[in-house]
Amino acid sequence: MSVDQGVFRPASVDEAVSVLARLPDARLISGGATLVAMINARLIEPAALVSLAGVDELHGITENPDGGWRIGAMTRHRDVAAERRFTGTLALVQQAASLIANATVRNMGTIGGAIAHADPGLDYPPALVAADAQIEIASGKGRRRLPASEFFVDWYATALQSAELVTAVHLRAASDGVGLYHKLARVSGDYATVSVALTMSSGVAGIATRAAMGACGPTPILLEEANALLSGSPGESELNRAGELLAAAADPVDDVRGSAEYRRLLIPRMLARAFTEARAAIGART
Amino acid sequence: MSAAFESVGRRLPRIDSREKVEGRAQYIADLTRPGMLHAAMLQSPHAHARIRGYDISAALATPGVHAVVTGDDFAGANRMGAFIKDEHALAKGKVRYVGEPVAAVAAQTESIARAATQAIRVDYEELPALLSPDQALASPVHIHEEVGQYFKVFDAGSEGNLCSRTELSEGDAELGFRESDLVFEHHFDTQAQAHVALEPCGALAEVDPQGRITLWSANQSVFRVQACVAEALGLPHSRIRCLTPRIGGAFGNKMEPHVQPIVAALALKAKRPVKMILSREEDFETVRARHPFRIRIKTGVKRDGTFVAREVEVLLDCGAYADDSPGVLGYGLLCARGPYRFPHARCHGKLVYTNKLRFGAFRGFGNPQVSFAGESQIDDIAEALGIDPIELRLKNILRGDDRWFGGQQLFSNGVKECMERSRDASGWDAAAPAPAAPGRRRALGFALCGHISGLLATGAIVRLLEDGTVVLNVGANDIGQGSDTVLSQMCAEALKVPVENVAFVSPDTDGSPFNWGTTASRVTFMTGRAVVSAAAEVEKQVKLHASEIFECAIEDLELVSGGAVAVKGVPEKRISFFEISKRAHWFSGGPIVGSNSWVYDRPTIDPKRAVVIGLPFPKIGAYSFAAVVVDVEVDEVTGQAQVKRAWSACDVGRAINPMLVEGQIEGGFAQGLGYALFEEMVWDGARLANPTLMDYKIPTTLEVPYEMHSIIVESVDKDGPYGAKGVGEVCLSPVPAALGNALRRATGVRIRSLPLTPEKILRGMLERKQ
Amino acid sequence: MSRDLPVNLEINGAAVALEVPLTETLLATLRERLQLTGAKRGCNQGVCGACTVTLDGVAVRACLSLTLNCEGQKVATIEGVAADPLIEALQQAFVDGGALQCGFCTPGQLIAARALLSQNSDPSVEEVQQGLSGNLCRCTGYRKIIDAVLSAARSMRK
Ligand SMILES: Cc1cc2nc3c(=O)[nH]c(=O)nc-3n(C[C@H](O)[C@H](O)[C@H](O)COP(=O)(O)OP(=O)(O)OC[C@H]3O[C@@H](n4cnc5c(N)ncnc54)[C@H](O)[C@@H]3O)c2cc1C
Ligand code: FES
Ligand code: FES
C-alpha cells in the first residue's frame, strides 16, 4: 500500500491526530453514513480515510463521578437511542437519537460523525445545545472542550480546525426535570423541517428552561434572553415573547422541506407546545 | 367465492414469490453478458439550447472507451412517440430540458464511461427557457419548430407550443348552467409526482453476428420497446428482439422508452453487449413524471342536489416531449365528469410543451388530478346544500347499465355497493366519530371514482406439451402486480388443471403474441379474456381427440379436474391430457395449440350522444369503481395531517386472486397518500431541485396506516374473463380528494392545490381564525 | 482515481480476499465483483433500504459501507442466510401473505425484519412499523409486509 492511500486504522486518538496532520487530504470516517453518501454522489473523492473504529476510548457511554456523562464520538445513534440512564433533563438526547433516520442508519451513524458534519437539519445539534453539552476535541496540542453552542458555527461548519477530531460529547449530570425533543419532518426518517429541544427543571426560583430550535438557520438557535423569559414563573406573554425572539433570530431557508416563512411561523408554535408539555410533566412530577 | 371454481378466486401466492424472497430474482441491473460494456450518459445543462456541434475526440481517446453516440448518430426522420412522433433516442439539434440525455459512452467500466462523458464538449447556443404552459403559450419561441410536420396518430391540433387539444361534450353545458339553481366554480392545481419505482430504469443490448439486436430492459411492454427502438434507429421490427427480466416496480414510468434506444445504438456501434443502469438522480431527471394539471371546474345543481351540468377545463404541462401526454389529456377529460349522471357536460383542455422533462403515464393516467378537483367540489356542494356528501353522491351516481361520459354502456356497476360498503365499514354514520387527540382535529373524508380496464390489442397462446402440461404465452409483463399468477390461474381454471401445471412464458417479442402493454389496468381484463379464449380453443381440440377415442359426440364430453376429459355423467370414462397430447404429437392431429387475439371492440364515443375533438382513444372502456373513506387527524400546531385509518372498496368485477387484489388496493392507497400529502417534484428555475430520495419523499411504514382496510366488491362484468375487471389504478385516483375532504371536515380548510402540505393546512387554519 | 487495495472479508461464511478501490462500496463489491445480486441498489444514498445486509450481525446499508473499511468483518446477504430458521420463517410468511409484489425491496425487508425479530421476538404492529421504517416499498403499501413479520414472529414463538 502506498503510504498515503487507503484506510488508516489508528489505535489511539494521538495516532489518529498524527495521521490527519501528515495527510491533510485524508478524511475521517466514523459511521460512513454521510461520508459514503457524499462519495457516491461524487461530491468528494478522498485518497485516504482514517477510520476511528479501532480507537477504544471513542466507543461507549460512561458515567463520570460527578454524575455527568461522556459519550464517545464513535457511539452509534442506536446506542444513545437505547440509553435508559439519560433521565430527567437529559432525556432529550436519547429522544433526539431515537428520531434520527431509521433503525438501520442508526446502527451505522455516530454522534461524532453527525456533529462534525453539522448539517442544520440534524437532530443532535439542537438537543446538545439545549442540554448545554460540551464537545471534546483532540488535536496535536492535546484536548480542548467547547460548549455545543460554540461548536456549531455556520452552515455545515464547526469550530474544528484541520487535523482535529471530535472525541466525545460530555453531558452534565441530569437535573430533576424534563428534557423534550420534538421534530417536525415530512415523513419519518427525514431531516427536520423544524425541531425544538428543551430542558426544564424546577427549583426554588421557579422553573429553569433552556430551549434550542433546530433547522431554522445555520446553527441551532438558543437565546439566553428567551431562556430567561421561559424561566422563573413565566406566563403566556413571556412564552409568546420568547417565541417571537427566537423567530426573529432565525435565518431559515426555503427548501423542499418547507418555506422559510413556514419555519418562522412554526418556531413559537412548536416552542409553546414543548414548553407546555414540559411544564405539565414537571407539574405531574412535583 | 363460488365453489364452482378451482383456481379462480383463490388467494394463491404469486408464482414468482420464491425467487424473490431468496434474492434470486433477476432484474435488469443483475444481468450480465460475456464481454459486456457499461454505459453512462451526458445530460444537458440547459433547459433549451441549440446544439451547434460536438467534440467527442477526448472521450473516444479515453482508455477503455469503446463507443460514443450523440444526436448525429440518429437520422432526422427517426423519431418515436406513442401519439406524436417528436422524440429522438437522445437530443438531436436541440436540447429541450435540463438533464436530457445528449450523448452516451460505452466503456469497460461504469466509472470510465462516466468520466468519459465529462470529456465530451458540446457547443450550445442557449434559447429562452419556457418553464410553464402559460409562458410557452405566450412565447413566439417554439420548443418543437416542426411540430406541424410530425407524424401523429390522431387529430392533435398541434400549433406552436400547443402539443394537442381535446374536447368532449354531451348535452349543452351552458343551457345546463342556466337551468341550475346553484353553480359552483373553482380552480385546482396539482403537482408533478415522481413514480419512484424502487428499481431505477436500465437496459442491456447485445447484437448478434447478423446485426440483430437482443434487448433486455426495465419495461412494461416488450412490444412498445421494440416499436420505439425500431423507430428511433430506423430499423424494421424484425431486427430487434425484446425480452424482459423481472421488473422492480413500474407505474407508467417504464411504459414508453427511457434508455433502450441509446443502449441499442451503443451496442451496434461497439459490437459488444452494453448495459446502462440509471442512477436514482438520472432516473428522476430524465425518465418521466405525473403531469401537473391546472383545472377549472364548474358544476350546476338543483337545490335538491340533482346534478345538472359540469364543465371542466384543464391545462397540462406536457414537458419537452409528447410521450403519453395526449392520452393523459384525453383520458383525464373522459374521467372528468366522474361516475355521475349529468345531462350536460363539457370537458376540454390543452396540452402544452415546456422545457421540462417529459410528463407521461402514471398510475391513474390523468384521473387522480380530475378526481381531486371533481370530488373536492362535490363535498363543497354538499356542504353548501346541507346534504351528507355520500347521500349527495348516491343521488347522482350512474346506475345499472347507465352510460359513461361519451356514451359507452356499463356492463357491470358496483358503484353503489362500493359506496355503501366503505361507508358502513368506516362507521361514517356513527353518532360519535373517533375522538381526536388533544391539540388535534379529526374527521372522515370520502371520495369516489371510476376507471377503465379495456383498450388496445392483446393475444394469448396456450399449448399442451407432450405430457399434457400447459404452457401459457401472452407477452404481457408482470411488473410486480402479479399478472403472471392471475393469468395462470385463469388458464388453469379454463382447462381444469392445477396452477402448478401451467408454465408461464416470459415475454419475448420473438415468441410471444403481441401485447400493447401492462398499463391502463388492462392485463387482467384484456389478456385474461384472450387466455380464456385460447384455452377454449385447446379444450375444443382436446375434446375432439377424446370424442374420437371414445367414439362419442363432442357435446357429450366435459373437462374434469386434474387435466382430463370425461364423458358427462360417467366420470370413470375419462382420458387425461397426457394421453391426448401423446396421441396428438405422435399419431393424429399434431401438437395442440390454442390461440386468441383481440383488440378492445367497444367504441368510447356514441356519436348520437357526444361530440368530440381530438380524443386519441376510439375504443376504450370496461369500467371499474372505487370508493375510499379516510380517517385523518391534523396537528393544530404544525398543520401536519396523519392518516389514522382507511377503507377502500373497489369493484373489480371478480377477484381472480383476492390476495393480489388487496395488494393493489393497499399499494395504490399508499401511492395516493404520498401524492396527496407530500410528494412533489420541485424546480429551482429550470433544474429539478429534489432528484434524490433524501429530498423527494415517499411514504414509509409510519405514514401509511396499518388499519388500511381493503374491501373487494364483485359486480361480475359480462365482458370480462370470469367477470373480472382491472383494479390497478382505480384504487389510487380517489385518495387525494378523500384526504382533502377529510381535512376540510376536520379543520374547515379547503385546499385546492396538491400536495396538502402542513404549511398549506396551517395557513388555512390560521386564516380561518382571523 | 484511486488504486486497488487489498481487503479480507468473510462473506456468507466464506473467506474472501479482494483488491478494490478505496471508494468502492460494499454494495458494488457484492453485486459487481461477486455477483451476489440479492442486495439491490435503489438509491445509493442510504435512504431506500434495498441494499440492507448484515455486518458482524448488525443490519447496515451496503451502499453506505466501504468495502475496504469492512476489513475482517462478516458480511451476510440474502443469499447467505438461507439456512437461518428466522429467515426461513420470514420468507415463508412473505410468500404466503403476499408481502411482496415487484420484489425489489424484498431482500432488504427480510434482512431488516430478521434484525428486528432477533432483538424482539414478539413485536407490536407499531414496533414492526418502527423497525422497518427505513425500508421503502413502493408497491405493497406495507400492510402485508407488517402482517408477514408478525406472523413469522408468531410461528417462531411456537
Ligand atoms: C438516509 C439517512 C437519513 C438520515 N436522517 C437523519 C435524521 O433524520 N436526523 C439526523 O440527525 N441525521 C440523519 N442522518 C445523518 C446521520 O445522523 C449520519 O449518521 C451522521 O450525519 C453522520 O454520522 P457518521 O458517523 O455516519 O459520520 P461519517 O459519515 O463517518 O462522517 C461524517 C463527516 O464527519 C467527519 N467525521 C466523522 N467522524 C468525525 C470525528 N470524530 N471528528 C471529526 N470529524 C468527523 C467525516 O470526515 C465526514 O466529513 C441521516 C443519514 C442518512 C444516510
Ligand atoms: S441503495 Fe442503499 S439504501 Fe438505497
Ligand atoms: S415489492 Fe416493489 S418495492 Fe416493495
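So that the names make sense, note that chain A is the first sequence line, chain B the second, and so on, each numbered from 1.
- Residue A:A48 touches chain C through its backbone alone, counting heavy-atom pairs closer than 4.5 Å.
- Looking at C:S133, both its backbone and its side chain come within 4.5 Å of chain A, counting heavy atoms on both sides.
- Note: C:C63 leads C:G49, C:G131, C:S65, C:C63 in heavy-atom pairs under 4.5 Å with chain A.
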Show your working on side-chain contact (heavy atoms from CB on, under 4.5 Å) between C:Q45 and A:N40 and close with a plain yes or no. CA-CA 7 Å; C:Q45 240 194 347; A:N40 292 346; over 6 Å; no
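- Of the residues listed (C:T23, C:N69, C:T25, C:N44), the one engaging A:V36 in a side chain to side chain contact (heavy atoms under 4.5 Å, CB included) is C:T25, and it is the only one.
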Step by step, work out the side-chain contact (heavy atoms from CB on, under 4.5 Å) result for A:N102 and C:R61. CA-CA 11 Å; A:N102 54 65; C:R61 303 295 208 220; 3.3 Å; yes
Derivation of the side-chain contact (heavy atoms from CB on, under 4.5 Å) call for A:M108 and C:L55: CA-CA 10 Å; A:M108 303 184 75; C:L55 203 53; over 6 Å; no
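- Counting heavy-atom pairs closer than 4.5 Å to chain A, the top-ranked of the candidates C:L68, C:V47, C:V7 is C:L68.
- Note: A:A33 leads A:G32, A:A53, A:A33, A:S51 in heavy-atom pairs under 4.5 Å with chain C.
- Within the model, atoms CG of A:L49 and CG of C:L22 stand 4.5 Å from one another, a figure rounded to the nearest 0.5 Å.
- For the pair A:N107 (side chain) and C:V60 (backbone), a donor-acceptor distance under 3.5 Å is absent.
- For A:L35, no part lies under 4.5 angstrom from a heavy atom of chain C.
- Using a 4.5 Å heavy-atom cutoff, the side chains of C:V58 and A:R76 are not in contact.
- Of the two parts of A:I39, only the side chain, counted from C-beta on, holds a non-hydrogen atom closer than 4.5 Å to a non-hydrogen atom of chain C.
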